[in-house]
Amino acid sequence: MAIERVAVIGAGVMGAGIAAQIANAGLEVLLLDLVPEDAENRSIVAESALAKMLKEDPAPFMSKGAARRIQAGNIEDDLARLDACDWIIEAVIERLEVKQDLYTKIEKHRKPGSLVSSNTSTLPLARLMDGQPEGLRRDFLITHFFNPPRYMRLLEIVSGPDTRDEATQELMDFADRRLGKGVVVCKDTPGFVANRIGTFWIQAAVTEAIDRGLSVEEADAVMSKYLGFPKTGVFGLMDLVGIDLMPHVDRSLAENLPSDDPYHALRRDLPVVARMIQEGFTGRKGKGGFYRINRGDGGKVKEAVDLTTGKYAPVRKPILDSLSAAKAAGRKHAARTLVTHPDKGGAYAWAVLSKTLGYAASLVPQIASDIAAIDRAMTLGYNWKLGPFQLLDQIGAVPFVERLKAEKMTVPALLETAAGKEGFYREHDGALQQLLPDGVYQNLERPPGVVLLEDVKRRTERMAGNASASLWDVGDGVVCLEVHTKLNTIDQDVFAIIAKALEIVPKNHRALVIYNEASHFSAGANLGLALFAANTALWPMIEDLVVQGQKLYRKLKYAPFPVVAAPSGLALGGGCEICLAADAIEAHAETYMGLVEVGVGVIPGWGGCTELLARLAADRRRPKGPMPPVVEAFETIGTAKVAKSAFEARELGFLRDTDGITFNRDRLLAAAKARALVLAEGYRAPDPAELSLPGPNGMASLDFAVHDLALKGLVTPHDRTVVNELIGVLIGGPEADHTTPTPEARILDLEREAFMRLVRNEATLARMEHMLTTGKPLRN
Ligand code: NAI
């Protein structure tokens, strides 16, 4: 049975967020919660949850349309509507009897064969299904989402001994393809995978910091980027998720884990933490947490808690030799350098990792069938850069085991096996392999249909490349252009590889996709380069950069083969423009696209103005005439709007209706490839666009728009200069008039000329400088 309609029961933090993600995927969702006593509006709880989500930031919804797909109801009047649902998700409070009572009600109303799942984080499936009818047991699973459900990629799935295989398969497939989740199949054990290891790690990090007398700042600096953990460190992480959650998770694990589990020896009650929670210092949502911003005396001082006295003091940057050594060692050697360093930072890192990684190794295959599943759970659920076994490989299984032995600590069998072999992962015949508990290496299988550039790189040589970009043969006649600079900014070396692609692809290949596997597709042109050239008055160099960029992007557009851009994460400025130059876009749902050039005092100069105008003018659903596209492009570019999802990018006109949106990051390359191959059949390059632009006649309405912004206080003095240049381009220049079409080439000239005038302006250079040093726009 295909999943087309879904019900979520329990409209709390998780239920509402899960409902939103399913609506994002295009499905109708029924969201039910309790009827409060004496309520006039009996569905008020679910309705309020919906209303609240519309205001949340980061937004649970990818578009306004998604919110409209959720219907709010209550579990007294609307249970009969469950018979239309293919999947019913229970996300009510974590109480066994409440959940079981609800299952009895669900069972009365659901249609035969529909799937039922619980979002429980601590209750075993065996207990949830205790005493339930066989029919339900066959259709029942645990689907454990992470908070917030839109943004956290992990979904842990647990099936019971009676669960139908097809039910598990169907849910896995739906969660993977439609919801974009990284599914990890877990055994029915307490805390499943991510929280079992994650909680142990947090407990170890907190207790060791207290026992060893490290400050919160020191502990967080050690327990973060050099070990591949989130930048927050552990104390910062607890502030983020809520310190009050800690005792709950701790208690549930302590109650449910077998008596010989090492967690019991590690955990203990922490008076500092208990006191903080009691006094309302529950983290960012409370009065403050391990850190707080003190706004007393009109200032703004970041403070941290002293773990012994419980008092706040201004944050001090930790100075530890181990941290400097890890930094100097570089990314690949940082972890090893840190854990082997003799100072207190190094000793702390070792104390926490020896326990945590050893614990993880002792849990295979008890909590999941293999190490890859555990690594995936920790990377997708806790945002670790490396899972425990990848981290062990980086530190080295051999020295790790030797030190455990020297310190008379238990060495888990799997660790011993890895140390006697080639570690937990190895490359073999161009394939990545993982070590199984029986000591055999096995190829890491990707789910069907997943193509990763990471794998392509293992088995093929790059076709061409330099320090900034590479070309890869991704099969079936498709070439992939990968940019790999910092934040994937675009520079002249990237241009050289684009030129190379234009030369190579027509010879023996059919299509080009522009794609990379970094967090961000591209943050735009390399500002540092532009600023350097401007500061040294190398105007010809800047002009050359603009001209070359325009030319190459045009060549991509009119190349005799199809080009598909596949962005994910940020696609800003020049990174957005390269997408607009492609024949089609296959965007990851989590794509944040925008022409943000005005933020640094310039306008889009690589065809962005031209392309956005053309797209808006050609969109059948938008109002016709010379003015509407101009006004809309002005608003989008003039206020540096950034779409917060691929769906918003479509609303802004960056994506066409024919462009695709892929939910699962791991399926993006395959989807882009497939799109390119469809286009390659009988491919014919587009004709150059001609636009009906208003010329000076359009000035009045745009001046009005600027005036409107100025009234809202949104226009700084330099903004005025920048938007005037933008207006000059968008109206088609001083000679344009809507009765004579303006050719694309003319608008491109205008873009370039305006860009060159702006880049010579001191106020623009100040904006660039500020962006480079602070990462934020300067409002001069
Ligand atoms: P919550 O307290 O925010 O929401 C629970 C909702 O369930 C409330 O709106 C409540 O009115 C409703 N409810 C209670 N009894 C009900 C009933 N009989 N019928 C219908 N609705 C009922 O809780 P939260 O955090 O959303 O947790 C829900 C489930 O998700 C729990 O099982 C929890 O363990 C699990 N979970 C929570 C995570 C988190 O980070 N908060 C993460 C992953 C799982």
Side-chain angles (χ1 to χ4, degrees), residues 7-21 30-37 39 42-53 56 60 72-79 81-82 88-109 116-125 127-128 141-158 181 184 186 190-196 198-199 202 237-238 240-253 255-256 282-285 377 380-383:
V8 179
I9 307 182
V13 177
M14 292 306 290
I18 294 166
Q21 181 64 359
L30 180 63
L31 179 64
L32 307 182
D33 205 295
L34 297 171
V35 179
E37 240 173 90
R42 293 170 58 82
S43 301
I44 184 78
V45 181
E47 278 177 22
S48 313
L50 271 180
K52 187 165 154 254
M53 282 200 292
E56 264 167 44
N74 68 71
I75 54 151
E76 289 177 23
D77 308 330
D78 297 302
L79 279 180
R81 295 164 76 187
L82 294 181
I88 300 161
I89 304 170
E90 169 274 299
V92 304
I93 49 165
E94 193 72 337
R95 294 239 309 270
L96 184 64
E97 64 290 357
V98 175
K99 290 185 192 276
Q100 285 186 329
D101 178 52
L102 187 61
Y103 300 152
T104 308
K105 289 184 183 146
I106 293 174
E107 188 58 5
K108 280 203 194 104
H109 294 280
V116 182
S117 74
S118 172
N119 190 55
T120 179
S121 31
T122 58
L123 298 165
L125 185 142
R127 284 180 69 200
L128 291 174
L141 300 103
I142 285 173
T143 47
H144 183 224
F145 285 83
F146 281 67
N147 190 22
R150 170 177 163 189
Y151 298 94
M152 293 305 292
R153 279 183 63 202
L154 179 61
L155 176 67
E156 293 182 326
I157 290 194
V158 182
K181 295 296 152 204
V184 170
C186 309
F192 313 123
V193 172
N195 286 342
R196 175 86 172 263
T199 309
I202 292 172
L237 178 66
M238 282 191 285
L240 193 70
V241 296
I243 303 175
D244 50 333
L245 219 63
M246 230 181 122
H248 292 289
V249 185
D250 167 53
R251 204 173 321 125
S252 122
L253 278 179
E255 279 168 14
N256 290 303
T282 49
R284 292 195 199 178
K285 65 176 178 191
L380 300 182
Y382 271 72
N383 287 333

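Atoms within a ligand are numbered from 1 in the order they appear, just like the ligands themselves. Keep in mind that the numbers below use all heavy atoms, side chains included, and drop hydrogens, waters and symmetry copies.
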Beyond-backbone contact of Leu154 with Val193, side-chain heavy atoms, under 4.5 angstrom: no

Set of residues satisfying side-chain hydrogen bond (donor to acceptor under 3.5 Å, both in side chains) with respect to Glu56, sequence neighbours excluded: none

Within the protein, residues bringing a heavy atom under 4.0 Å of ligand 1, chain by chain: Ile9, Gly10, Ala11, Gly12, Val13, Met14, Asp33, Leu34, Ile75, Ala91, Val92, Ile93, Glu94, Val98, Lys99, Asn119, Thr120, Ser121, His144, Phe145, Asn147

Closest non-hydrogen atom pair, Met152 against Phe146: CB-CB, 3.7 Å

Smallest separation among heavy atoms of Glu156 and Ala377, with atom names: OE2-CB, 4.3 Å

Non-hydrogen atoms of Pro36 and Ile44 that approach each other most closely: CG-CG2, 3.5 Å

Heavy-atom pair with the smallest gap, counting every atom of Ala19 and Leu31: CB-CD1, 4.1 Å

